[in-house]
Protein chains: 2
Amino acid sequence: MENRKIPKPTIKRLAVYYRCLENLIKSGKETISSQELGNRLNIKASQVRKDLSYFGEFGKRGIGYQTRRLQDGIAEILGIKRIWNVCIVGAGNLGMALANYPGLSKSGYQIKAIFDVSSEKIGKKLQNGLVVEDLKNFERVARKEKIHIGVITVPANNAQQVADLMIGSGIEGIINFAPAKLNIPENFPLEEIDISLTFRALSFQITMQKSRQ
Amino acid sequence: MENRKIPKPTIKRLAVYYRCLENLIKSGKETISSQELGNRLNIKASQVRKDLSYFGEFGKRGIGYQTRRLQDGIAEILGIKRIWNVCIVGAGNLGMALANYPGLSKSGYQIKAIFDVSSEKIGKKLQNGLVVEDLKNFERVARKEKIHIGVITVPANNAQQVADLMIGSGIEGIINFAPAKLNIPENFPLEEIDISLTFRALSFQITMQKSRQ
DNA sequence: TCGTGTGAAGAACTTCACAGCT
DNA sequence: AGCTGTGAAGTTCTTCACACGA
């Protein structure tokens, strides 16, 4: 068991291992080697072992990892065994899509509320029965529903004030889809997903690829 | 002008600089130093200068960077000056949301078509006038519309065959939202956005954060 | 022998620090 | 003086290589 700081990429890979283990267990596989797990995910075996070694000794030499035991171990590390209460601010296309996305609730992220400021959107009913609420009620609802995670899907120029509102209402972490740099307290849990940035990165790759030939 | 390989994070930051420059130019700012640009984005000034230095000398010593000139330079690098034709496969909530997302077309990514296999979805009309097409027609449409970028928003277990179809139809790059590792030719341009993975990474952060206090 | 766990080496990326242009 | 561009140093992350247990 290493005791250094955990690299951020390691965390994302753990979640990938977890997903792969779900499938392996479903298909009845009981043990797996770092080599085989790595092959399935395009990750080097040594990377798999190193990632796991940060958190303990999950494997048996000569044999590999027990899929069930490893999955439990990763679930423990990532906080997967519990339910997370999530709310979304911004009932545009993306916010609505996330609220209706079954993958999230299946993974333990329950969408408890969705907010907007536009009177056209407030009161709208989603496929899953949720109703868009007025952002004015945010703090009250957030506290009542014990929301852990806030998701920001508003336009860039409103993102900061939404983040401030979330932090002021006792939210524990934020996922930001708005293309804006948020100013938040150091070490406050934050993840960013910037879709247009990803498109830009792809077009750069394409351009490079072509100029190389 | 450095001549080494470009770090991947540099590319994403260039797109961030570009976005920031748009705003600066709008607000009438004509020059900016690496220091000030960095401050606005939580990036160290030296990082800004290093990123830009991979591609040439955009600045003037003692003065900084001309916003307009720098923006043009970055646009050139990232391939922003042109229109990219995009298609989406998977007309679920996320696929629909992307197709209707104005930020993409505003950035030069025109959604030319959206496909699905489900007869319930085929023929559906989107807000923007696009009609969901049968995936069977993919190759024909992709070639006719000269699609550059394919976006995958299907469930994980169908992602690979969609990717194969895209690559076989002359698509130049793929953005994959499905939680699956794609097997594609080495160096084929690919970007991945894995939303549930990001939630997992956030819950880990929250858990860590708490256990530290 | 097979496959883990892990120091040590290597690669990738970031930051420093300063020469040199304006 | 002010600020860039960039080698060199520093940091972070990945891969190697091998001792050791099953």
Side-chain angles (χ1 to χ4, degrees), chain A residues 1-17 21 24 29-71 73-74 77 187 201 204-205 208, chain B residues 1-17 21 24 29-71 73-74 77 187 201 204-205 208:
Chain A
M1 158 102 84
E2 300 220 6
N3 211 7
R4 293 193 292 103
K5 211 190 123 272
I6 314 299
K8 245 204 132 177
T10 290
I11 301 307
K12 291 232 165 166
R13 282 191 302 265
L14 285 181
V16 173
Y17 302 154
L21 286 164
L24 288 168
K29 202 151 170 58
E30 302 206 333
T31 71
I32 191 164
S33 67
S34 60
Q35 184 67 60
E36 196 182 341
L37 187 54
N39 283 347
R40 285 171 185 260
L41 302 166
N42 280 322
I43 295 172
K44 290 239 165 27
S46 55
Q47 182 74 79
V48 173
R49 295 200 301 276
K50 178 67 84 179
D51 284 340
L52 297 175
S53 77
Y54 289 118
F55 300 96
E57 310 205 354
F58 292 99
K60 288 213 188 338
R61 297 172 190 218
I63 303 203
Y65 302 88
Q66 261 188 277
T67 50
R68 190 105 236 167
R69 207 172 90 71
L70 182 56
Q71 192 195 34
I74 295 177
I77 296 163
N187 290 324
F204 174 78
Q205 268 196 68
M208 274 292 104
Chain B
M1 158 101 83
E2 300 222 7
N3 211 6
R4 292 192 294 104
K5 212 193 123 266
I6 315 299
K8 246 206 131 176
T10 291
I11 300 307
K12 290 234 165 167
R13 282 192 302 265
L14 284 181
V16 173
Y17 303 153
L21 286 164
L24 288 167
K29 201 152 172 57
E30 301 206 334
T31 71
I32 191 162
S33 67
S34 59
Q35 184 67 61
E36 196 183 342
L37 187 55
N39 283 347
R40 286 171 185 258
L41 302 167
N42 280 321
I43 294 171
K44 292 239 163 28
S46 54
Q47 181 74 81
V48 173
R49 296 201 299 278
K50 178 67 81 178
D51 284 341
L52 297 175
S53 77
Y54 289 118
F55 300 95
E57 311 206 352
F58 293 99
K60 286 214 188 338
R61 295 167 193 223
I63 304 201
Y65 302 89
Q66 260 188 278
T67 50
R68 191 104 235 166
R69 207 171 89 71
L70 182 55
Q71 192 195 34
I74 295 177
I77 295 163
N187 291 322
F204 175 78
Q205 268 196 69
M208 276 291 103

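Residue numbers start from 1 in every chain, and the chains themselves are labelled A, B, ... in the order their sequence lines are given, proteins ahead of strands.
Remark: A:Thr67 engages A:Leu21, A:Leu24, A:Ile25, A:Ile32 in a side chain to side chain contact (heavy atoms under 4.5 Å, CB included) (not counting sequence neighbours).
If you take CZ of A:Arg69 and P of C:dT4, they are 13 Å apart, rounded to a whole angstrom. When rounded to the nearest whole Å, the span between NZ of A:Lys12 and P of D:dC13 equals 14 Å. Whole-Å rounding puts the A:Lys50 NZ to C:dT4 C1' distance at 12 Å. Between the CZ atom of A:Phe58 and the P atom of C:dT6 there is a distance of 12 Å, given to the nearest Å. Rounded to whole angstrom, the span from the CD1 atom of A:Ile43 across to the C1' atom of D:dC13 amounts to 14 Å. Atom P of nucleotide D:dC3 and atom CG of B:Leu37 are separated by 14 Å, given to the nearest angstrom. A straight line from NZ of B:Lys8 to P of D:dC13 spans 17 Å, rounded to a whole angstrom. Rounded to whole Å, the distance from CD on A:Gln47 to C1' on C:dA11 is 12 Å.
An end-to-end axis angle of 0° holds for the helix from C:dT1-D:dA22 to C:dT22-D:dA1, taken from five base pairs per end and rounded to 10°.
Put simply, the side chain of B:Lys8 does not reach to within 4.5 Å of the side chain of A:Phe204, judged on heavy atoms. Using a 4.5 Å cut-off on side-chain heavy atoms (C-beta onward), B:Leu70 and B:Leu52 make contact.
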**Request:** Step by step, work out the side chain to side chain contact (heavy atoms under 4.5 Å, CB included) result for B:Ile74 and B:Phe58.
**Result:** CA-CA 10 Å; B:Ile74 295 177; B:Phe58 293 99; 5.8 Å; no
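Distance from the side chain of A:Ser33 is smallest to C:dG3 among C:dC13, D:dT15, C:dG3. Here the nucleotide nearest the side chain of A:Ser34, chosen from C:dT4, C:dT6, D:dC13, is C:dT4. Residue B:Thr10 places its side chain closer to C:dT14 than to any other of D:dC16, C:dT14, C:dG5.
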Could you go through nucleotides 18-22 of chain C and list every protein N or O atom that sits under 3.5 Å from one of its N or O atoms, giving the distance for each pair?
unit_1	atom_1	unit_2	atom_2	d
C:dT22	O4'	B:Arg61	O	3.0

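If you take CG on B:Asn42 and CD on B:Gln47, they are separated by 13.0 Å, rounding to the nearest 0.5 Å.
For A:Ser33 against A:Tyr65, the heavy-atom pair with the smallest separation is C-CD1, 4.4 Å. Shown here for A:Ala201 and B:Ile11, the closest heavy-atom pair between the two residues is CA-CG2, 4.0 Å. Minimum interatomic distance between A:Leu41 and A:Tyr17 (heavy atoms only, all atoms of both residues): CD1-CD2, 3.7 Å. Closest heavy-atom contact between A:Arg49 and A:Ser34: NH1-OG, 3.1 Å.
Phosphate proximity of C:dC2 to A:Tyr65: absent, as no side-chain N or O sits under 4.0 Å from OP1 or OP2.
Comparing A:Ser46 and A:Pro7, the nucleotide of DNA chain D nearest to each residue sits closer to the 5' end for A:Pro7.
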